[in-house]
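The chain is numbered in sequence order, starting from 1.
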Amino acid sequence: MLNRCVAKKRRYAEISNEKNQEEIKVYNFKVLLPNGTSVDVRLEQPGDQMHINEFLELVRAEHKRTFKDFDSSKFRRKIFWNSESVYLEDATGCKIRYKILFCQFLPKICHFLILHDGQENMASSYENMWDLTPGTNLLTELPESYTFVTALADLIDNSLQAVWSNNTNERKMISVTVDEARISIFDTGPGMDETEENSIAKWVGSYLPPLAIACYDKYDNHMPFMSIPELDVAINMNGTAILPVEKLKVELLSSNMILQISDILIESGELDKIRPQYEASLGISCSHDKLISLAIPFLVFPGSLQSVKAFIPDLEKQWLPGDVIKEMLLEMYDSYGNHVQQGTEVLLSLDGFCFQDNAGPKRKVDAEGCINLNGILKVIGSFGKTVSFSVEYDGQLLLRNEIQIGERELRILTTLPDNCAAGSLLENIIFEVVDSNGTVDETIHDMRFGQSHMLTITSVSSEENDCVRFMFSHGRCVVPFIIVPREPGIFSFVAAHSCYPELFVVCKVNVMQYPKMKMNLVEHDTVPFQSPGGKMVVFQEEPVSAMWKYNLDDMKKNEDDVKRIGSLIKVLESNLKLLTEEKASTENEISELQDLYRHQTNSHMHDFVTDKEVVIKQIEMNNTAACVWCNIPADIQSQELPDVVGIVALLGSVSTESLSRMLAKYLGEELMLAVVCKSYAAARRLEKYGEGGEVDRSDGLHVVAAQLGRPINCGFLVICLEDLCPFRGKFKSDEDPQKKLSLVDPILPTGEIPSGFLGHAVNMVNIEIQHLHTRTNKGYYLRETLFYLLFGELQVYGTREQMNQARAFVKHGAISLDGGILKSNGILLLGPQREPEVRFPVVAFEAQLQIAPNIKDIAKKIEKNRLELGEISVKCNKVSKEHGKTKKRLGKKMQQLERQYNELGALLKESLLGSNCAADNPIPSGTSVTDNWEEEDST
């Protein structure tokens with residue numbers, strides 16, 4: 001049970017009796033210091049008065065003793081103890097400048113004093129301000145009904161209130177230990193103020209502990225209350241709102257000597273006005289004579305999560321698969337309409353959605369009492385389906401929202417024939433995607449070959465299930481041709497959207513075999529035939545058979561193949577044209593963004609650019625691959641070498657000259673000048689070789705070097721990011737654009753971090769803004785690939801001595817800013833060392849953060865376009881190769897067809913010459929000509 005009163009008009013204190021008057025007087029003070037700390041001062045028999053300077057010396061000594069081991073990382077301002085303007089202020093607002101008169105303070109009660117040192121930046125909150133140890137003298141004022149069991153129940157009730165605030169994943173435990181000397185009550189709940197220590201903390205809908213008020217006259221005589229006064233009790237929300245308290249209980253105890261106020265119920269929906277500190281005060285005063293005027297500070301927190309409201313401005317729009325909800329805010333309320341506390345964890349369940357980030361389904365409430373899901377949820381459900389998301393807390397469903405995905409249908413516009421010839425072509429077949437109203441959905445459009453909106457044609461009849469793809473353009477797709485099988489029967493094929501399999505149509509065509517004509521020679525060895533000149537020509541059986549048995553089917557097949565391959569070449573040329581145009585457009589956009597980036601960085605990051613130019617000039621002192629790269633214009637770099645990231649020394653910066661120098665020493669000049677590529681293929685393009693293995697200086701980077709007049713005269717390292725083993729841990733923060741790695745600091749057996757440890761080198765290099773979003777094809781960033789390869793978990797210390805003292809806890813090596821280098825394999829670098837000529841640019845990272853906000857967006861767009869350009873180039877090369885192969889196939893077919901024509905012509909010519917020679921021969925008697933044409937029915 002907690003009793004606390006702060007005097008305003010009259011003083012309220014403990015009840016004393018005559019026996020206590022003869023005891024030793026002990027005065028307790030809680031002194032609140034201007035730097036936000038507080039100390040306790042206990043004085044035994046100090047006399048009637050004490051000079052303020054003597055009192056301040058006691059306070060200063062206690063402060064030094066209490067905070068000698070405080071956390072040095074937490075800044076506290078200096079206290080001006082000897083200031084001429086120093087004074088103390090008591091709880092009533094009285095200022096004490098010279099002497100402390102102890103007659104103004106009651107013994108055994110803790111009195112609050114505020115120290116002012118004449119400076120303006122006084123603290124507004126104080127550490128360890130409250131001491132909730134109950135005073136045993138209050139026991140004499142308790143009612144007879146308040147027994148030991150009642151007191152124990154009150155303490156356990158306090159613990160219950162503490163553990164109620166724990167999250168669902170935190171332990172809720174209370175233990176009671178009873179031994180001969182004491183009873184200990186322990187709980188896993190938080191403390192009762194914002195520093196998790198001591199304060200009065202209550203939740204909406206809970207009761208404050210009973211308050212006991214005693215009345216004294218001006219001579220400090222304890223006076224009884226004549227009657228229960230009419231009280232005005234209200235909660236002051238830090239000056240923003242006054243909430244009258246209607247539900248409470250007021251009674252007189254101990255022969256009217258104690259006025260007890262209990263059952264003070266806190267109910268309010270106004271807590272958003274005082275978040276996130278939740279500071280309030282309980283005001284108690286008499287309605288008429290102002291006999292009582294109290295203001296008791298406390299913290300009041302929202303209740304547990306009871307309801308959720310979803311704010312989605314575009315909720316009524318027609319959602320389609322692939323859409324991302326750009327604006328979505330979940331507001332979390334308690335039962336009184338207050339936003340719940342920061343850190344409350346909920347579970348999001350998705351059906352037909354997916355998360356765009358890596359945070360997972362468990363989300364925590366932010367400082368505003370909300371969960372921001374802007375751009376986080378993506379629709380992945382099928383057309384016409386219902387998707388939903390729900391919010392659960394502590395196993396209870398609080399919200400479920402359903403969204404209907406728009407309906408779409410794939411249909412065929414071209415009327416297919418009921419019957420078609422075997423081996424023929426179905427040409428110019430048109431498909432379109434329409435909505436429920438029959439309107440073509442022009443958003444089904446893809447100018448990027450092989451991307452999202454493609455039509456796939458799959459044969460159902462064929463055992464191979466060959467699949468070909470065609471692009472949609474503004475909701476429609478024209479298929480140039482479909483080859484009909486050469487076997488008769490029902491030919492079935494399925495046309496479907498490549499990403500939305502629910503959009504499909506099945507087409508069927510009856511394939512018929514045309515009749516084949518052949519001539520049978522019956523009974524006779526010779527066949528007469530009338531020539532154009534009117535003469536009777538007798539064909540011998542052998543030449544006639546050779547002419548008619550010539551495989552005309554093969555000629556027909558080759559003619560069909562030529563036609564089909566020609567149509568395919570048209571499709572490939574059309575796709576190649578689109579890809580070439582898109583490549584040119586992307587290159588122009590990258591060039592424009594790079595110009596804008598350079599302009600922005602030059603105007604906002606002068607220091608960084610200047611130091612980077614110094615490093616570049618140093619690189620250009622020698623004819624190296626790095627020198628050549630630095631002299632290639634940025635637009636040429638992105639167009640001709642899109643997968644080359646840059647030079648190690650220019651991909652990041654550090655904050656101090658000493659760190660730059662030591663990291664360069666550790667790596668060595670060869671690694672500092674290494675060329676970084678995304679892929680092994682990009683690295684291979686930098687250099688070609690002759691048949692004897694010699695370097696071909698007419699190809700790769702050497703051509704550019706020759707054009708610049710800077711031939712590469714030494715070997716150089718190339719780092720392939722895709723071949724590196726990346727860091728497998730997590731980032732320190734997903735919101736950190738630098739993506740610093742979550743590494744474990746070295747820990748001494750005492751549990752402390754070694755003296756002088758400054759951090760891990762891999763996290764002390766700040767990635768250049770332009771490359772913050774540079775990633776490999778697998779999605780890894782530069783820090784977790786390149787810089788983790790270079791530094792690993794290299795530790796950085798201030799001095800050699802500090803590094804050597806922590807040597808037993810060094811894993812991947814260490815360096816010190818005064819020149820010490822310790823390799824991971826136990827090698828210690830000693831002796832004079834040559835100063836590195838090439839180092840990292842030096843600029844405080846804060847300077848990078850002060851640049852215009854849009855520069856990061858520009859860099860992100862550049863990297864995104866570079867990735868797209870790489871994909872387009874790969875597809876362009878693929879289509880170009882396919883186009884070349886198809887043209888070769890066409891050439892071969894044309895040669896075959898030409899040869900067949902020539903062979904047939906020669907055969908006909910030979911047959912005609914033979915017939916002219918036999919025209920004068922008589923027809924043998926007994927012979928006849930039978931023209932018996934048979935029709936083969938193969939249907």
Check [X] against [Y] and note the closest heavy-atom contact, atom names and distance.
{"X": "Asn766", "Y": "Arg783", "answer": "CA-NH2, 4.2 Å"}
{"X": "Ala705", "Y": "Ile712", "answer": "CB-CG1, 3.9 Å"}
{"X": "Ala683", "Y": "Val718", "answer": "CB-CG1, 3.5 Å"}
{"X": "Pro754", "Y": "Ile747", "answer": "CD-N, 4.5 Å"}
{"X": "Leu667", "Y": "Leu790", "answer": "CD2-O, 3.7 Å"}
{"X": "Phe809", "Y": "Pro746", "answer": "O-CB, 4.0 Å"}

Near [X] [atom1], under 6.0 Å, is it more than 12 heavy atoms from other residues, nucleotides or ligands?
{"X": "Asn777", "atom1": "CG", "answer": "no"}
{"X": "Lys688", "atom1": "NZ", "answer": "yes"}
{"X": "Glu801", "atom1": "CD", "answer": "no"}
{"X": "Phe80", "atom1": "CZ", "answer": "yes"}

Any chance you could measure [X], atom [atom1], to [Y], atom [atom2], to the nearest 0.5 Å?
{"X": "Leu568", "Y": "His883", "atom1": "CG", "atom2": "NE2", "answer": "9.0 Å"}
{"X": "Ile647", "Y": "Ile719", "atom1": "CD1", "atom2": "CD1", "answer": "9.5 Å"}
{"X": "Ser498", "Y": "His453", "atom1": "OG", "atom2": "NE2", "answer": "8.5 Å"}
{"X": "Gln805", "Y": "Leu748", "atom1": "CD", "atom2": "CG", "answer": "9.5 Å"}
{"X": "Met672", "Y": "Leu717", "atom1": "CE", "atom2": "CG", "answer": "13.0 Å"}
{"X": "Tyr689", "Y": "Arg684", "atom1": "OH", "atom2": "CZ", "answer": "7.5 Å"}

Donor-acceptor check, side chain of [X] to backbone of [Y], threshold 3.5 angstrom: yes or no?
{"X": "Glu581", "Y": "Leu578", "answer": "no"}
{"X": "Thr580", "Y": "Leu576", "answer": "yes"}
{"X": "Ser660", "Y": "Phe840", "answer": "yes"}
{"X": "Asn763", "Y": "Leu741", "answer": "yes"}
{"X": "Asn622", "Y": "Thr624", "answer": "no"}
{"X": "Glu573", "Y": "Lys570", "answer": "no"}
{"X": "His812", "Y": "Glu793", "answer": "yes"}
{"X": "Arg710", "Y": "Asn631", "answer": "no"}
{"X": "Ser880", "Y": "Cys876", "answer": "no"}

salt_bridge([X], [Y]) N-O dist < 4.0 Å:
{"X": "Glu835", "Y": "Lys665", "value": "yes"}
{"X": "Arg363", "Y": "Asp357", "value": "yes"}
{"X": "Glu657", "Y": "Arg839", "value": "yes"}

Practice task
Check the pair Ile376, Met328 against side chain to side chain contact (heavy atoms under 4.5 Å, CB included), reporting the backbone distance first and the verdict last.
Solution key: CA-CA 8 Å; Ile376 300 298; Met328 181 175 179; over 6 Å; no
Heavy-atom side-chain contact between [X] and [Y] under 4.5 Å:
{"X": "Thr886", "Y": "Leu572", "value": "yes"}
{"X": "Lys326", "Y": "Asn374", "value": "no"}
{"X": "Leu822", "Y": "Asn804", "value": "no"}
{"X": "Val695", "Y": "His702", "value": "yes"}
{"X": "Leu686", "Y": "Cys677", "value": "yes"}
{"X": "Val648", "Y": "Leu673", "value": "no"}
{"X": "Arg661", "Y": "Pro836", "value": "yes"}
{"X": "Lys678", "Y": "Thr774", "value": "yes"}

Practice task
Assess whether side chain to side chain contact (heavy atoms under 4.5 Å, CB included) is satisfied between Asp723 and Tyr680, documenting all intermediate values.
Solution key: CA-CA 8 Å; Asp723 293 338; Tyr680 180 74; 3.9 Å; yes
Exercise for the section: Please test Leu663 against Val765 for side chain to side chain contact (heavy atoms under 4.5 Å, CB included), starting from the C-alpha separation and ending with a verdict. Expected result: CA-CA 9 Å; Leu663 292 181; Val765 176; 3.8 Å; yes
Handout entry: Stepwise side chain to side chain contact (heavy atoms under 4.5 Å, CB included) check, His445 with Phe472
Key = CA-CA 5 Å; His445 175 74; Phe472 274 99; 6.0 Å; no
Practice task
Indicate whether any N or O donor in one side chain lies under 3.5 Å from an N or O acceptor in the other, for Asp696 and Ser698.
Solution key: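 Yes.
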Exercise for the section: Answer with yes or no whether the side chains of His760 and Gln795 bring together a donor and an acceptor at under 3.5 Å. Expected result: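 Side-chain D/A pair, Gln795 to His760: absent.
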Exercise for the section: Report yes or no: is the cationic atom of Lys739 (NZ for Lys, CZ for Arg) under 6.0 Å from the centre of the six-membered ring of Phe727, at an angle within 45° of the ring normal? Expected result: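 No; the conditions do not both hold, so Lys739 does not lie above the ring face of Phe727.
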